[in-house]
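To start, the structure under review is shown below, and the notes come after it.
These numbers were taken from a predicted model, which means no experiment stands behind them. Along the sequence shown, residues carry numbers from 1.
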Amino acid sequence: MESRISFDGDINDEDSYQLIKLASVLEDEYSFSVNLEKRQANQGERDGGLVIGIAIASLGLTAIQALLAALQYWDSRQPKYSISVVSGNKTLLVENLTKQQIENEVSKLQAESPEPRIEIKIFKDS
């Protein structure tokens, strides 16, 4: 299964920075192999543009559970964001779930939707 993590809506420099930090946590602490998706730089911009997403490939059930636990941890440290997981027509809000609840929800997502991809959306809280 593949996964993509991105913001819902417009993204700014701070959001891009937070995605870079999240990717670093996923690589360093959880050993995920991630690819940063960047928006192409506009003419006159010096850098490679904003990071707009994180792609993770080849996730099994255990890896998905670990990913959700990592996202839950990251979310607890970033109170201005909320995270949801979308697979097929099912959406899971990743907040205040126990490890067992995460495992149960991931199993349900996989059973109900044979989608080979899950989308993880980060929402900015007001």
| task | Verify the neighbour count for atom OH of Tyr17: are there more than 12 heavy atoms of other residues, nucleotides or ligands below 6.0 Å? | result | no
| task | Determine the minimum heavy-atom distance between Gly53 and Arg4, stating which atoms define it. | result | CA-NH2, 4.3 Å
| Heavy-atom distance under 4.5 Å between the side chains of Ile52 and Leu36, does that happen here? | no
| Do the side chains of Ile83 and Trp74 get nearer than 4.5 Å, heavy atoms only? | yes
| Atom OG in Ser33, atom CD1 in Ile56: separation rounded to 0.5 Å? | 9.0 Å
| Has the side chain of Ser16 got a donor or acceptor atom that lies under 3.5 Å from a matching backbone atom of Leu50? | no
| Does a side-chain heavy-atom distance below 4.5 Å link Leu68 with Gln72? | no
| message | More than 12 heavy atoms of other residues, nucleotides or ligands under 6.0 Å from CG of Asp10: yes or no? | response | no
| request: Taking the side chain as every heavy atom from C-beta outward, state whether Val85 and Thr91 have any atom pair closer than 4.5 Å. | output: no
| Among the clusters formed by ILVMFWY side chains lying less than 4.5 Å apart, do Val86 and Ile64 turn up in the same one? | no
| field | Taking every non-hydrogen atom, the tightest pair across Glu2 and Ala57 | value | CG-CA, 4.2 Å
| message | Would you say the ring centers of Phe7 and Tyr81 fall short of 6.0 Å from each other? | response | yes
| field | Glu119 with Arg117: basic N within carboxylate O range, under 4.0 Å | value | yes
| query | Any link between Ile20 and Tyr73 through a network of hydrophobic side chains (Ile, Leu, Val, Met, Phe, Trp, Tyr) touching at under 4.5 Å? | reply | yes
| said: Looking at every non-hydrogen atom in both residues, tell me the closest pair between Ala63 and Phe32 and how far apart they are. | reply: O-CZ, 3.3 Å
| request: Could you walk me through whether Ser6 and Lys121 pass side chain to side chain contact (heavy atoms under 4.5 Å, CB included), step by step? | output: CA-CA 5 Å; Ser6 62; Lys121 294 289 185 184; 3.3 Å; yes
| message | To the closest 0.5 Å, what do you measure between CD (Glu37) and CD1 (Ile5)? | response | 10.0 Å
| query | Can you name the closest pair of heavy atoms from Ser3 and Leu67 and give their distance? | reply | OG-CD2, 3.7 Å
| field | Charged N-O contact under 4.0 Å between Glu14 and Lys80 | value | yes
| Below 4.5 Å, heavy atoms only, C-beta onward: do Ile54 and Asn35 meet side chain to side chain? | no
| Asp15 side chain vs Asn12 backbone, donor-acceptor pair below 3.5 Å | yes
| Are Leu22 and Leu71 side-chain neighbours, meaning at least one heavy-atom pair lies under 4.5 Å? | yes
| task | Run the salt-bridge test on Lys124 and Asp8 with the 4.0 Å N-O cut-off and return the result as yes or no. | result | no
